Each structure stands twice: as C-alpha cells, then as structure tokens.
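Not measured: the values here are computed from a predicted model. Side chains included, hydrogens not; waters and symmetry mates left out as well; all remaining heavy atoms used. Each ligand, and each atom within it, is numbered from 1 in the order the structure gives.
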Amino acid sequence: MGTLLSSPRKPQSLLLFLLFVFPQIINASVLAIDYGADFTKVSLMKPGVPFDVVLNRDSKRKIASSVAWKGEERLFGSDAVNIAARFPSTSYSSLKFLQGTEYGTTPSQFHALIQPALDVSEVPDRKTHRFKRKDGESWTNEELVAMQFSYVKDLAEDVAGERVRDAVVTVPAYYSQFERQAVLDSLELAGLKGLALINDGTAIAINYALSRNFPTLENHIIYDAGASGVRATLVSFHTVTTVPESKSKSKSAKGSDVTHVTVLGYGYDRVASGSEMDLRLREVLQQKFETAHMRGGSLTGEHRAIAKLWKEAARAKTILSANTESRVSIESFHDDIDFRATVTRAEFEEACADLTPRFTRPIQDALTDAKLELSDITSIVLAGGASRVPLVQTAIKVTFGEDKIAHNVNADEAAVLGAAFYGASLSSRFKTKEIKIQDRHVLPEIQLSFTGETKRGKRLLNTALFPPGSKYGTKKTASYRKKDDFELSFRYQQKMGSELIPEIFDAEFYGVKAAMKNLTSRGAVEPLMKVEVGLNESGMLVIHDAWAYGEVKDESITGKIKNFFAGSSSSSASASEETEESATEVTESETPTETEEAPEPTPTTTPATVPVSHRISHKGVLPYTKKQISAARTRLIAVENAEKLRHKKEEARNMLEGYLYRMRDLLAGEPTSPFMLYSKEEERQKLEQRMSEAFALIHEGDEGELAELWRRREEMETIEKPIQFRYEENEAAPKELTNLQQAIHAGKSFLESALQNRTMEESEGLPHKYTLEELEHIKESILETEKWLQDGIEEQKKLLKNDDPVLISAEMKARGVTLQNYVMKLLKRKTPKPPAPKKEKEVPVPPTDAEEEVVADTKDESQHPIHQEL
Ligand SMILES: *[C@@H]1O[C@H](CO)[C@@H](O)[C@H](O)[C@H]1NC(C)=O
Ligand SMILES: *[C@@H]1O[C@H](CO)[C@@H](O)[C@H](O)[C@H]1NC(C)=O
Ligand SMILES: *[C@@H]1O[C@H](CO)[C@@H](O)[C@H](O)[C@H]1NC(C)=O
C-alpha cells in the first residue's frame with residue numbers, strides 16, 4: 001500500500017507565457033490574491049517584474065491566512081499561527097468560512113468548533129460576524145480579512161516598487177452574492193480596488209491553458225480540494241486560429257490563436273474540506289490524550305490545548321499524506337503533561353470515512369450538470385492542498401479510474417497564477433495571450449418578483465431571470481407597464497435544506513410617473529418601464545439601467561414631412577391591450593423584444609427613452625455602506641499608522657541603546673585611548689550623566705515619545721562631536737600643513753620666474769604675459785597666508801590634545817587651493833604674440849631643449865609642481 005504522491009509538476013515554464021506579456025505602460029501592477037481558509041497565495045503582474053508568486057518576509061510561497069495579536073503587536077501569516085496556542089482568544093484564522101455568512105448558521109458553528117476561544121457576536125445591522133477582544137476592541141470578519149489583504153498588498157508593493165491598487169481575488173464558484181460582496185468589501189477596506197472576482201476552478205483552468213494549445217476541443221475537470229470545500233469545474237478548452245482579414249499586407253500571414261476556456265459544468269461540497277479533515281484529526285488526537293491522561297475528563301474548553309491540537313492536526317495530516325503514521329510530541333501540552341502519541345493513517349481515514357463519497361460526488365455532479373459522460377473527459381486535473389491526501393486521491397481513482405487523474409498543474413499556485421493572468425487581461429495595460437473565458441452561474445436560479453395588480457387584487461409574480469448555467473456577462477431587460485413608482489425583488493430560488501439566503505435585494509424605481517407623463521405628452525401610447533439587469537463578470541447580480549420607453553411623435557423636420565404625407569395618423573395600436581400591470585417580457589438584451597418592435601412602426605413616430613432612477617435595499621448579509629467603509633478604513637489606517645510609529649520607535653530605541661553601549665565602552669576605555677586623550681574631564685562627566693539617565697529610561701521602558709529618543713541621542717552626540725573632531729584634526733592637520741607650505745613655496749617660485757620674465761620682456765620690447773596687479777595679488781596672498789600659518793602654528797603649539805584646535809585642516813586646505821587655483825589660471829594663459837615682426841629678420845628660431853621642457857610642463861598639469869603637491 002502506501003500510495004506515494006507523484007509530485008505535482010510545474011507548468012513547463014512560467015517564462016514561456018511571459019513572452020506574451022509586453023509592457024505597455026509602467027505603473028500598472030495587478031495583484032492577484034488566492035485567499036484560502038488556510039493559506040493565501042499572492043501574485044503580481046507588473047511589466048518588468050518576473051511573473052511569479054509574491055513571497056512573504058520569510059521567503060515562503062504561501063502565507064497562512066491568519067492575523068493575531070500579542071498584546072499590542074499585530075502579527076500575520078506563520079507568525080500569527082505560531083502564537084495561536086499562547087493567545088488563542090486573539091488569534092484569528094479560517095475566516096474564509098465566515099465571509100458573507102449570517103451569524104449562527106452552519107459555517108458559523110463550524111468556525112466556532114475550529115476556533116472555540118474567540119468571542120464572536122453578531123453585527124446587529126449587517127447580520128454577520130464580529131470578534132471582540134478583551135480590551136473591548138472589536139473587528140468584523142471583513143475587517144480582519146482586509147488586514148490580511150492589506151498585509152499582502154504591502155508585500156506586493158515591496159516587489160513592485162510602487163503603489164498597488166487593482167486586485168483580482170479568487171472565490172469558489174458557489175459563493176453567493178453576499179459572500180462575493182464580503183470579499184469586495186474587504187478589498188475596499190484594504191485600500192484595494194476589486195478589478196474582478198474569479199471562480200477558483202476557472203482560474204486554475206486559465207493557468208492550465210496558458211502553456212498549452214488545444215487544436216481539438218478537450219474537456220477536463222478541474223478538481224480543487226481546498227481547506228474550505230471541494231469543487232469540480234468541468235471546462236472545455238479549444239484553441240481556434242483566426243485567419244487575418246487581409247492576407248495581402250499583414251506582416252505575417254499567420255492568424256492569431258484564441259483559446260476558448262468555457263465552463264460547462266460544476267459540482268461542489270462545502271463540508272468535504274481540508275479543514276473538516278483537520279477537525280476530525282484534532283478530535284482523534286484529543287481523544288488519545290484524554291484517554292491516556294485525563295481519566296474521563298475532557299479538553300473541551302481548554303482553549304490553549306485545543307489550539308495546540310489544531311496546529312498539530314494540520315501537521316499530522318501532511319505527514320500522513322506521505323507516511324502511514326505520524327508521531328505527536330508536544331512538551332508540557334496540558335497541565336504540565338507532555339503529549340506523546342502516534343496517529344496512523346488508518347485511524348485518520350476511519351475518522352473521515354463518511355466524508356469519502358463527498359469528495360468524489362462533485363465530479364459526478366459536474367458531469368451531470370454538463371450533460372457529459374466520463375468518456376468525454378480527457379483528464380481530471382488535481383489541485384488544492386487537500387488533493388494530496390491519499391484518502392481523497394484513492395477515492396477519485398477508484399471511482400473514475402487512475403488513467404483519468406492528472407497532476408499537471410501546481411496544486412498550490414495554479415489558481416493564483418491563473419487569476420493574475422486574468423487580471424492582466426482585464427486591465428488593458430498588458431498584451432496577453434488570447435484566452436476567452438466563459439464562466440457560468442452555478443447557484444439556484446435568480447428570480448425577479450414583484451407585486452402586480454391583477455383583477456383579483458395584488459399578487460406576487462415571479463419571473464426566472466438567471467437560471468443555473470446562465471453565462472457571466474449576460475444582460476436581460478424586463479419590461480413593465482407601470483404608471484407609478486414600483487419595486488422589484490431579486491432572490492435565489494429557495495431549495496429545501498439549503499442555507500442560502502434567498503432574498504438578494506429589492507430595487508425601488510422612482511420618478512416613474514413623470515417619465516411616463518413625459519412620453520405620453522409627446523404622443524406615446526402606453527409607454528413601458530424597462531429595467532436592464534445583469535450577471536456581471538464577477539458573478540454578481542447588478543441593475544445596469546432603468547428607463548421609460550415609448551414611441552413618440554417625430555418632431556424632427558423629416559418626421560414632420562413624413563407626418564404631413566401620412567396624414568397624421570394617430571390611430572392607437574394598442575387600444576385593446578390590457579390595462580393590468582404585469583411583467584410583459586424578460587429578454588436577453590441582444591435580441592429585441594416583441595414589445596420593443598411596436599406593431600407596424602408607423603413613419604410618424606420615433607422611439608424615445610427617459611431615464612428612471614432606482615434605489616437598492618440590500619437583504620441578507622448587508623454590504624458595507626459608503627459611510628461604514630470610510631469609518632472602518634479610518635480605523636484600519638489608524639492601526640497601521642500606530643504600528644508604523646511603534647516600529648519607528650522601536651528602531652530609535654535600538655539605535656539609542658546601541659549608541660549608549662558604545663559610549664559606555666568609550667568612557668571605560670584605557671587612559672591612552674584616543675577618546676580619553678582628546679576629551680576633557682567635564683565632557684566625560686556630562687556624557688556619563690546623560691548616558692546613565694538614558695539607560696535608566698530604556699530599562700524602565702518609560703522612554704516617552706519617539707522624538708524624545710532621538711533628542712537624547714542627539715544631545716549626547718553634540719557633546720561627543722568636538723572630541724571626535726579634535727581626534728580627526730590631529731590625524732588630518734599634518735598633511736594639510738605640508739600641502740599648504742608646498743603651495744606657498746610653489747607660489748613663490750612662480751612669482752620669481754614671472755618677475756624675471758617681465759624684466760626680460762621689457763628689455764626686448766615684448767608684451768607682458770601677466771599684469772603687475774596680478775603679480776601683486778599673488779605676492780600679497782603669499783605673505784598673508786604665510787603670516788596666518790605662522791600665527792596658527794604658534795597658537796597650536798600652546799594647546800593640549802583635548803583643546804579645540806585653532807589650525808583647522810579644512811581651512812589650510814581651502815587657502816592652499818585658492819592660491820594654487822590662481823597661479824594655475826595664470827600659468828595656463830597663452831604667451832602673447834610679439835608685435836608684427838620686421839621683414840628683414842625672418843629667420844625661424846628652433847626651440848631649445850629647455851623651452852620644450854617648460855612647454856610640456858605647462859601643458860600637462862599633473863606634472864606641474866604646484867599641482868603635484870596639492
Ligand atoms: C460586479 O458587480 C458588483 C456589485 O455591483 C460590483 O461591485 C463589481 O465591481 C462588478 N464587477 C465587475 C467585474 O463588473
Ligand atoms: C423628457 O425627457 C427628456 C429626456 O430626459 C428630456 O430631455 C425632456 O426635456 C423631457 N421633456 C419633458 C416635457 O419633460
Ligand atoms: C618665464 O619664461 C619661460 C621661458 O619662456 C617660461 O618657460 C616660463 O613659464 C615663464 N614663467 C612664467 C611664470 O610664466
């Protein structure tokens with residue numbers, strides 16, 4: 001036995017399809033989040049950044065979906081998981097189960113089993129979950145999820161090197177309007193914009209299609225066994241080569257390939273899940289301990305022990321996937337008792353026996369849904385962490401045949417990478433491989449109901465709007481005869497035993513009377529109210545538009561001319577129509593309705609519309625209102641800012657502490673140490689005093705504000721700086737002194753030579769190279785510098801090492817450079833041309849060796865003595 005899992009291969013190459021991604025504009029990152037009950041995977045699409053999953057701070061590819069508090073400190077990922085056993089009442093995980101669910105329902109109870117230490121209550125106005133901490137602070141489920149989104153956003157921003165705003169999040173296809181809304185709300189709370197939600201099975205299908213071509217149509221079932229449920233998505237893949245329109249001029253005669261990814265069927269189970277298996281295993285472990293150590297007692301209610309077992313169960317499940325038994329060893333587990341036990345795969349499988357059929361059932365359901373046979377399916381592609389559990393794999397193999405099983409996507413990362421690609425394809429800032437995705441509604445039929453006036457009084461009328469299998473992106477228009485404001489209700493068809501909240505929202509249309517009057521006053525007979533409703537690409541029901549519609553008299557010039565010839569026929573076409581208000585038709589927008597095609601369009605009328613406003617009142621788990629969003633966002637930002645401030649303070653505190661230790665060492669140094677030699681007794685006393693004050697503050701943990709920490713360090717640095725300076729001067733001054741002396745010497749030589757030349761020039765009647773003023777200036781500079789230096793040297797001699805120096809290296813250098821630059825400027829000057837030579841004397845004089853040498857000297861500055869010295 002002992003089925004060893006074949007390790008899932010990565011798709012051939014991630015780089016392969018990166019080739020299809022050409023950056024168009026920069027600053028265009030798209031974040032993809034695969035938010036699971038156990039782990040979150042994140043990916044970033046940014047031109048120039050390798051397309052991959054985003055790593056967490058410990059370079060892990062998956063991030064535990066947890067947030068926890070240890071006192072003031074907020075932790076995420078594995079840091080949060082690691083403290084869960086010590087702080088069970090402030091550690092939050094498995095929050096996915098509570099997204100958009102009503103308090104007290106099955107998922108709510110299941111979550112309470114997993115995390116019994118939490119103080120959960122109902123958010124009164126929104127019917128969903130809120131967690132209260134001992135300090136009185138409370139956070140809703142959406143807010144805790146938003147914190148995790150915000151955390152991964154920060155990680156992605158580090159990679160992107162810019163702000164990341166647009167995000168795509170994976171959701172199970174069975175997520176209802178409320179659950180989807182909860183995800184969108186969390187995104188908004190995290191400061192992200194939900195570009196779209198994508199069903200996780202579809203995301204995996206996209207990832208599957210990225211590195212493959214399907215010249216002939218293939219059907220695959222994407223089987224995703226996650227921590228929160230199992231889903232089977234039956235998808236057809238087909239790559240079609242479109243022939244370019246004009247063959248003649250296009251650069252390449254090749255057509256472009258479009259891969260169609262179409263969801264045909266779906267099956268799921270929200271109980272069979274990785275978490276349910278963990279729970280069963282936790283119960284096995286709990287029982288083992290109770291039997292061995294508690295003599296009839298129970299661990300239930302022992303939150304820390306239960307939290308430890310939860311972590312241990314997850315670990316054991318992983319080990320049991322590759323081994324037939326797993327050892328448990330937890331030191332000082334409960335009441336100072338160590339817990340040592342062995343749990344076998346057989347025990348685990350027995351505990352999960354009733355779940356086994358639930359793991360395979362969704363595959364059959366997907367086939368039934370798509371009206372296909374197993375033989376129509378090329379493979380069952382396994383994905384999701386729980387698909388590694390032998391119990392699950394064996395069940396699928398036994399039921400559907402080993403040859404159908406494929407491990408050709410990365411079980412953990414396929415969904416997030418597919419979602420990232422999808423996000424990029426939406427954003428129009430990327431050019432991507434062409435994949436056309438068609439997803440579908442898998443929940444019960446969405447119905448539209450309204451109260452109509454019939455002859456027998458008011459009656460609730462239901463109309464099918466989006467039956468299961470409806471395509472995402474579909475729009476439908478409903479037409480009504482209405483004279484006044486009215487209300488429509490949207491709901492899921494209620495199924496026996498289902499906990500799906502039926503009512504989605506009511507929409508109230510107002511200003512109808514005026515709109516109708518507008519049309520009738522323009523000659524319309526029995527205008528209609530039209531409402532356009534859609535199932536958008538995120539799988540959500542939306543009201544796109546509402547308007548009044550009628551055929552009005554054509555008031556345009558052409559209309560009037562037509563009117564004239566037609567002889568103003570206003571014979572009403574619909575005199576015989578019922579005056580009863582009823583839904584006349586619900587149609588796909590693309591195909592015009594019968595009512596829209598008015599009976600025999602007369603040339604005298606023209607269609608007209610008047611927009612009508614609507615208000616939505618949500619049902620079930622209510623979305624955050626704009627006001628609630630901004631209030632929660634303010635709170636979340638305050639937490640983040642406080643955290644940043646704490647981190648800065650921590651940093652400042654560490655810097656001060658480091659500085660204090662260094663200072664303590666300096667003050668305790670040998671009498672011959674530079675610090676001792678160059679510091680004065682009083683300075684050391686001051687430093688000593690400030691140091692012990694600061695140490696005391698830090699040790700008492702009462703260091704005050706961030707600014708106070710910096711101030712203390714700066715204060716000591718101000719005292720220390722002159723000591724440092726004296727030491728550095730002592731090192732630097734001798735060299736600068738020599739340099740300056742050499743500059744003076746070089747200046748003197750220049751002056752001497754220039755004066756000699758001047759005499760020569762005068763005697764030969766040649767023009768002067770330098771003016772007298774220039775030479776005078778050099779002379780004065782030299783004399784002044786020499787005097788300054790002499791005085792300085794005298795002064796300096798009288799000083800001790802720990803006195804502040806008078807002859808400062810920087811000043812010596814500045815003076816030397818000034819003198820040098822002036823001399824260099826003059827030296828570079830060209831020798832002026834002698835006055836026009838007399839005709840008789842035209843014998844060219846060959847240059848002497850000496851002359852050549854001097855020319856070379858002036859040209860090559862680095863060779864010049866002054867330059868060389870300084
Ligand atoms: C779908 O509708 C929801 C609810 O109105 C909206 O928040 C979301 O942005 C829409 N998504 C897309 C992709 O259009
Ligand atoms: C009727 O509605 C149209 C479109 O909104 C508007 O332009 C027009 O002014 C309205 N006419 C009357 C008479 O209210
Ligand atoms: C003086 O003249 C000699 C010979 O022409 C020349 O090489 C030298 O550079 C001159 N001195 C100065 C300071 O210009």
Side-chain angles (χ1 to χ4, degrees), residues 100 166-169 171 175-188 192-199 422-423 425-427 437 439 472-473 475 490 504-505 507 511 513-524 527 533-544 547-550 552-553 555 607-613 616 618 623-624 626 629 746-761 764 766 768-770 774-775 778 823-832 834 845 847-859 864-866:
D166 294 337
V168 172
V169 185
V171 291
Y175 256 27
S176 67
Q177 182 91 356
F178 315 107
E179 293 167 303
R180 288 168 193 266
Q181 187 61 52
V183 176
L184 291 175
D185 285 348
S186 289
L187 280 176
E188 204 170 339
L192 285 162
K193 180 170 159 269
L195 215 51
L197 304 177
I198 181 164
N199 294 337
Y422 178 64
S425 76
L426 285 181
S427 91
I437 298 136
D439 214 331
Y472 282 7
K475 286 179 184 169
F490 295 84
I504 304 172
F505 55 68
K513 199 177 246 167
M516 290 299 161
K517 213 166 161 193
N518 176 318
L519 292 175
T520 45
S521 75
R522 287 153 67 194
V533 194
L535 195 59
N536 78 11
E537 295 295 345
S538 294
M540 297 183 76
L541 179 69
V542 277
I543 293 182
H544 288 292
W547 65 94
Y549 172 88
V552 298
K553 284 210 192 88
E555 295 291 338
T609 59
V610 180
V612 168
S613 313
I616 285 187
H618 291 274
Y624 267 75
K626 287 228 153 58
I629 290 263
K748 279 182 179 167
S749 314
F750 172 87
L751 195 58
E752 202 176 317
S753 157
L755 288 171
Q756 272 171 14
N757 288 5
R758 208 181 156 80
T759 319
M760 184 264 289
E761 285 154 10
E764 295 187 15
L766 292 170
H768 294 306
K769 190 175 176 187
Y770 314 111
E774 285 165 340
L775 299 182
I778 290 189
V823 169
M824 289 303 295
K825 197 179 86 186
L826 295 187
L827 259 179
K828 275 187 200 154
R829 185 176 292 167
K830 284 208 178 80
T831 310
V845 184
T848 66
D849 284 355
E851 272 172 346
E852 260 187 337
E853 230 175 73
V854 174
V855 169
D857 273 354
T858 48
K859 266 192 185 158
H864 194 273
I866 290 181

With no hydrogens and no angle check, is any side-chain donor or acceptor of [X] less than 3.5 Å from a backbone partner on [Y]?
| X | Y | value |
| --- | --- | --- |
| Gln181 | Gly100 | no |
| Asp439 | Tyr472 | no |
| Arg180 | Ser538 | yes |
| Ser753 | Ser749 | no |
| Glu179 | Ser176 | yes |

message: Are any of the N/O atoms on Thr609, whether in the backbone or the side chain, positioned under 3.5 angstrom from an N/O atom of ligand 2?
response: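 Between Thr609 and ligand 2, no N or O pair is found under 3.5 Å apart.
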
- prompt: Taking C-beta and beyond as the side chain, do Tyr422 and Ile437 meet within less than 4.5 Å on heavy atoms?
  reply: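 Of all side-chain heavy-atom pairs linking Ile437 with Tyr422, at least one is under 4.5 Å.
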
- prompt: Taking side chain as C-beta onward, heavy atoms only, is Asn757 less than 4.5 Å from Tyr770?
  reply: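 With C-beta onward as the side chain, the pair stays apart.
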
For [X], atoms of ligand 3 separated by under 4.0 Å from a heavy atom:
| X | result |
| --- | --- |
| Ala754 | 13 (C) |
| Phe750 | 13 (C) |
| Ser753 | 1 (C), 10 (C), 11 (N), 12 (C), 13 (C) |

- prompt: Would you call the rings of Phe505 and His618 parallel, tilted or perpendicular, where under 30° means parallel and over 60° means perpendicular?
  reply: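 Rings of Phe505 and His618: perpendicular, over 60°.
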
Pairs under 3.5 Å, N/O atoms on ligand 1 and on the protein: can you put them in a table with the distances?
from	atom 1	to	atom 2	distance (Å)
ligand 1	2 (O)	Asn536	ND2	2.3
ligand 1	11 (N)	Asn536	ND2	3.0
ligand 1	11 (N)	Ser538	OG	3.3
ligand 1	14 (O)	Asn536	ND2	3.3

field: Salt bridge Glu774-Arg829, side-chain N to carboxylate O under 4.0 Å
entry: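 Looking at Glu774 and Arg829, the cut-off is met.
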
- prompt: In terms of atom number and element, which parts of ligand 2 are under 4.0 angstrom from non-hydrogen atoms of Asn518?
  reply: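 The list of qualifying atoms is 1 (C), 2 (O), 3 (C), 8 (C), 10 (C), 11 (N), 12 (C), 14 (O).
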
message: Is Arg522 close enough to touch ligand 2? Criterion: a residue heavy atom under 4.0 Å from a ligand atom.
response: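 True for this residue.
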
